[in-house]
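Structure first, then comments.
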Amino acid sequence: MSFPLNPAQRAAVAHDTGPALVLAGAGSGKTRVITQRMARLLEQGTPPGALYAVTFTNKAAAEMHERLVAQCGPRGKDVWISTFHALGGELLRREMPRGRRFVVYDAADTAGLLRELLRELKGDRRYDVAALQARISFAKNALGSPDALPEGGNEYDDLARWAFPRYEAALARLHALDFDDLILWPLRHLTENPDAREAWQRRIRYLLVDEFQDTNRAQLLLLKALAGDRGNVFCVGDDDQSIYGWRGADLGNVLDFTTTHFPGARVLALEQNYRSRTPILDVANAVMEGQVRAFPKRLFTDRPGGEKVTVVTAESSEGEAKFVVDAIQKLVGQGHRRREIGVLYRSNLLSRAVEEGLRLGNVPYRLIGGTSVYERREVKDLLAYLRLALHPEDEIALRRVINYPTRGVGDVTLQRLERWALAHGKMLFRAVEGAAGLSDLTPAAREGLGGFVRVVHAARDALEGGRALAAVAREVAAAVRLREDVTAAGPTAPVVARRLQNLEHLYATLERAGAKGPEESAKVLTKLSLHYADADEADGDKVTLSTLHGSKGLEFGVVFFLGCDEGILPHARTDAPRATDVTSTLDVSEERRLFYVGVTRARERLYLLRARVRGGQGKAPRATTPSRFLAALPGELLERVSYDSQAPLPPEELAARVRLFREALAKRSAG
DNA sequence: CGAGGCTAAGTTTTT
DNA sequence: CTTAGCCTCG
């Protein structure tokens with residue numbers, strides 16, 4: 001995209017000091033505005049270290065970095081660009097007294113912690129831990145206490161009030177921070193220490209924020225603290241693309257920007273869309289028409305022409321996937337680049353069928369969203385050893401691997417260790433270290449624990465001695481015979497292969513990170529907790545499969561938008577909430593914006609797909625209703641197609657299939 | 001006392 | 001399809 005800037009973009013890029021809010025419609029070149037403004041500031045002599053850009057995902061941060069470097073050369077490398085959470089972690093690391101390491105707990109870790117706490121509660125009913133997590137996180141994000149949760153009525157609100165102080169105390173005891181703490185702690189630190197605050201304000205002279213509509217209350221306050229009176233905050237966002245309300249994002253940050261948060265701020269709007277053909281944009285505008293919006297925008301494009309948006313109704317979810325896979329193979333056969341094709345969907349489940357089809361057809365793809373490699377069991381297990389080596393307080397890591405691979409330590413042994421730790425006021429790992437001297441342990445347990453402690457100590461000593469984290473990881477894995485255990489435990493050979501591959505992936509990542517010694521290693525482990533994405537994902541010419549949430553900021557020549565059915569989009573739970581849901585996150589309008597985000601990813605061609613019948617796993621297939629968002633679109637904007645994967649193929653189609661199949665065969669036997 | 005196999009139940013979106 | 005909890009066997 002080497003268009004000259006339009007007047008609105010130019011004004012945004014030229015914005016000098018003071019707060020600014022740039023309302024940037026989808027595809028209006030917002031990343032370009034941010035990078036160009038940074039480039040401009042650099043050219044005018046601002047040192048790179050005085051700029052800080054904040055994004056929401058590591059992926060977005062990496063991309064922005066790339067674009068900045070492309071624009072203004074190696075100087076761009078020295079500009080700070082990171083996620084809010086990475087910024088928070090970095091600030092803490094720099095501000096904390098040396099040697100005070102902390103662990104970052106991800107959702108799985110905090111779920112384990114909460115499960116522990118709930119055991120205290122009598123009655124052995126099973127609680128929905130995720131529901132608790134959501135409430136606690138919500139309360140923290142809003143900078144409130146759980147007292148702010150509605151009284152009575154919902155038992156999970158009561159449960160959250162009960163758990164909250166215990167949860168916070170446990171984190172403190174474990175020297176652990178959850179994701180929300182990565183914002184809250186720096187905020188508290190800057191609020192309480194004027195010297196530190198001023199130092200950071202001097203250091204960061206220009207703050208730039210991408211996807212500002214997704215910020216929560218705590219993040220806004222952190223921004224304010226960093227910006228200081230100077231208020232050099234340049235926030236770019238689109239209220240129409242606000243899709244993280246469920247995570248505490250507060251649109252009030254946008255709505256009250258110029259009045260409450262940054263009085264007198266400049267407001268600019270980017271409405272020209274450089275991405276989509278007219279028919280696609282017409283659909284996007286139609287989706288939002290008549291909605292109550294904070295800043296009503298009507299996107300316009302100078303890219304007329306293009307084909308109508310196609311609504312495909314398949315007979316089943318399998319048919320839906322089949323249509324997509326066939327269409328992709330056809331496109332690729334016509335010479336389209338795979339990286340120009342995106343498959344989008346509301347929930348991760350929907351990707352399965354398409355994935356399978358692509359694998360069968362030998363079409364390379366990359367997956368965005370879903371469980372990352374670092375959340376995989378075997379990877380987390382190995383990481384737990386490393387965490388424990390750096391950080392003996394990390395009881396969650398300890399519990400995770402104390403009997404993995406199995407070494408004769410069961411519930412009873414663990415309870416005895418706990419009792420000893422409690423009686424002596426020591427942390428649990430001390431009890432484990434002293435297991436040899438505990439008379440009431442079984443010989444098997446004592447021996448198992450002895451071996452366990454030796455492994456952890458060896459890892460600790462190696463790291464303290466300055467060895468590379470990657471090497472230590474391999475040594476730990478070898479010492480506990482992780483490969484062997486994974487191999488023996490796997491239900492099927494392909495599953496085992498995938499798990500071993502995940503471990504290799506971890507080694508490779510750790511090697512690339514190149515960390516040595518305890519400090520660097522702790523930093524790398526924190527990054528991994530934040531699901532730090534690998535650079536290698538974007539490599540190669542691959543079809544992209546992504547959740548709608550993961551697709552923000554991406555664009556494709558052709559988009560296949562799966563699951564335009566009621567119950568999927570909008571998701572059933574927005575319409576019929578459960579007792580475990582945090583009521584304030586439920587909002588059908590957010591689902592509409594999600595639809596809007598999906599539509600606006602497409603440049604040339606958009607397929608909206610639905611299935612007449614959908615069956616859950618093992619559940620009886622049920623007839624579906626078209627998504628209300630689809631149903632509300634003016635008919636003249638759409639081309640409707642019915643797809644029956646069972647129907648006999650027209651002869652020319654059949655011939656094409658046979659050819660493709662032969663080619664695939666030839667390729668396979670060649671490779 | 002622990003391991004391993006079995007059943008049952010639950011799957012929105014993510015830093 | 002996966003995980004967590006239950007139950008039985010060694």
Side-chain angles (χ1 to χ4, degrees), chain A residues 54-61 82-89 104-108 110-112 115 124-126 128-130 133-134 137 141 177-183 211 214-216 218-219 243-249 344-350 352 368-372 374-377 403-416 440-445 448 488-489 491-492 495 526-533 546-552 563 567-575 577-578 580-581 585-587 590-591 593-594 597-598 616-619:
Chain A
V54 190
T55 61
F56 264 81
T57 63
N58 293 298
K59 185 159 53 80
S82 80
T83 64
F84 264 105
H85 293 87
L87 160 65
V104 175
Y105 276 7
D106 69 9
T110 56
R115 226 172 273 126
D124 50 1
R125 63 155 290 190
R126 280 154 63 163
D128 182 343
V129 175
Q133 283 180 300
S137 176
N141 284 331
L177 272 57
D178 65 16
F179 283 168
D180 302 322
D181 289 331
L182 286 173
I183 310 299
E211 309 282 9
D214 292 331
T215 52
N216 62 37
Q219 286 163 336
I243 53 175
Y244 282 101
W246 54 274
R247 213 172 74 183
L344 308 181
Y345 37 84
R346 169 75 231 258
S347 88
N348 283 307
L349 272 80
L350 292 176
R352 276 266 158 74
I368 295 179
T371 20
S372 97
Y374 309 112
E375 292 172 313
R376 293 260 137 78
R377 251 232 353 227
N403 194 38
Y404 179 79
T406 53
R407 46 171 72 90
V409 180
D411 285 341
V412 177
T413 300
L414 193 56
Q415 273 169 33
R416 287 171 178 165
D440 59 349
L441 298 187
T442 63
T492 61
V495 172
T526 300
K527 268 193 175 176
L528 292 191
S529 308
L530 297 175
H531 302 163
Y532 185 77
S546 174
T547 59
L548 290 167
H549 286 88
S551 77
K552 205 157 61 161
I568 292 178
L569 191 69
H571 193 275
R573 280 177 79 168
T574 33
D575 240 9
R578 296 188 192 174
T580 52
D581 290 327
T585 63
L586 298 169
D587 190 353
E590 185 156 305
E591 301 288 303
R593 294 193 290 266
L594 219 35
V597 167
Q617 236 94 41
K619 279 175 195 129

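By convention in this document, chain letters (A, B, ...) are assigned in the order of the sequence lines, proteins followed by strands, and residues within each chain are numbered from 1.
Inter-residue side-chain proximity for Ile243(A) and Leu548(A) is flagged as unmet; no heavy-atom pair is nearer than 4.5 Å. Between His571(A) and Leu594(A) there is no side-chain heavy-atom pair separated by less than 4.5 Å. Between Lys59(A) and Ile368(A), some side-chain heavy-atom pair lies under the 4.5 Å cut-off. Here the side chains of Tyr105(A) and Leu177(A) are not in contact, with every heavy-atom distance at 4.5 Å or above.
For the pair Ala107(A) and Thr413(A), nearest-nucleotide mapping onto DNA chain B gives the more 5' position to Thr413(A). With the nearest nucleotide of DNA chain B identified for both Leu594(A) and Ala445(A), Ala445(A) has the one nearer the 5' end.
Not counting sequence neighbours, the partners of Ala108(A) by the side-chain contact (heavy atoms from CB on, under 4.5 Å) test are Asp106(A), Lys380(A). Scored by the side-chain contact (heavy atoms from CB on, under 4.5 Å) test, Ala111(A) finds Arg115(A), Val129(A), Gln133(A) as partners (sequence neighbours excluded). For Thr55(A), the side-chain contact (heavy atoms from CB on, under 4.5 Å) criterion is met by Ala60(A), Ala61(A), Met64(A), Ile81(A), Thr83(A), Asp210(A), not counting sequence neighbours.
Comparing atom distances between the Phe179(A) side chain and each of dT15(B), dC1(B), dT14(B) picks out dT15(B) as nearest. Residue Val412(A) places its side chain closer to dC1(B) than to any other of dT15(B), dC1(C), dC1(B). Taking the side chain of Arg416(A) as heavy atoms from C-beta on, and the options dC1(B), dT13(B), dT15(B), the nearest nucleotide is dC1(B). Out of dT11(B), dC1(C), dT15(B), the shortest distance to the side chain of Leu349(A) is found at dT11(B). The side chain of His85(A) has dT15(B) as its nearest neighbour among dT15(B), dG5(C), dT13(B). Nearest nucleotide to the Asp128(A) side chain, out of dT14(B), dC1(B), dT11(B): dT11(B). The side chain of Thr442(A) lies closest to dC1(B), out of dC1(B), dT14(B), dG5(C).
Classified by interplanar angle (parallel below 30°, tilted 30° to 60°, perpendicular above 60°), the ring pair Phe56(A)/Tyr244(A) is parallel.
Where stacking is scored as ring centres under 5.5 Å apart with planes under 30°, Phe84(A) does not register as stacked on the base of dT15(B).
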Exercise. Going through the checks in order, is the side-chain contact (heavy atoms from CB on, under 4.5 Å) test met by Thr215(A) and Phe84(A)?
Worked result: CA-CA 9 Å; Thr215(A) 52; Phe84(A) 264 105; 3.7 Å; yes
Show which side-chain atoms of residues 406-415 of chain A pair as donor or acceptor with protein atoms under 3.5 Å away, not counting sequence neighbours.
residue: Arg407(A); atom: NH1; partner: Val401(A); partner atom: O; Å: 2.7
residue: Arg407(A); atom: NH1; partner: Ile402(A); partner atom: O; Å: 2.8
residue: Arg407(A); atom: NH2; partner: Tyr385(A); partner atom: OH; Å: 2.8

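Within a 6.0 Å radius of CZ in Arg376(A), more than 12 heavy atoms belonging to other residues, nucleotides or ligands are found.
In this structure, Trp246(A) atom CH2 and dT14(B) atom P are separated by 6 Å, rounded to whole Å. In this structure, CD of Gln415(A) is placed 13 Å from C1' of dG2(B), rounded to the nearest angstrom. Atom pair Arg115(A):CZ and dG5(C):P shows a separation of 6 Å (rounding to whole Å applied). For the pair Ile243(A) CD1 and dT13(B) P, the computed distance is 13 Å after rounding to whole Å. Ile183(A) has its CD1 atom 18 Å from the P atom of dT14(B), to the nearest Å. The CZ atom of Phe56(A) sits 11 Å away from the P atom of dT15(B) (whole-angstrom rounding). Between the P atom of dT13(B) and the CD atom of Gln133(A) lies a distance of 14 Å, rounded to the nearest Å. What separates CD of Glu375(A) from P of dT11(B) is a distance of 16 Å, to the nearest Å.
Residue Asn141(A) places no side-chain N or O under 4.0 Å from the OP1 or OP2 atom of dT15(B). Between Thr547(A) and dT14(B) there is a side-chain N or O to OP1 or OP2 distance below 4.0 Å.
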Would you tabulate the nitrogen or oxygen pairs shorter than 3.5 Å linking the protein to nucleotides 8-10 of chain C?
none

Heteroatom pairs (N/O) under 3.5 angstrom, protein to nucleotides 3-5 of chain B:
residue: dA3(B); atom: OP1; partner: Gly408(A); partner atom: N; Å: 2.6
residue: dA3(B); atom: OP2; partner: Asn403(A); partner atom: ND2; Å: 2.9

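Here Asn348(A) lies in heavy-atom contact (under 4.0 Å) with sugar-phosphate atoms only.
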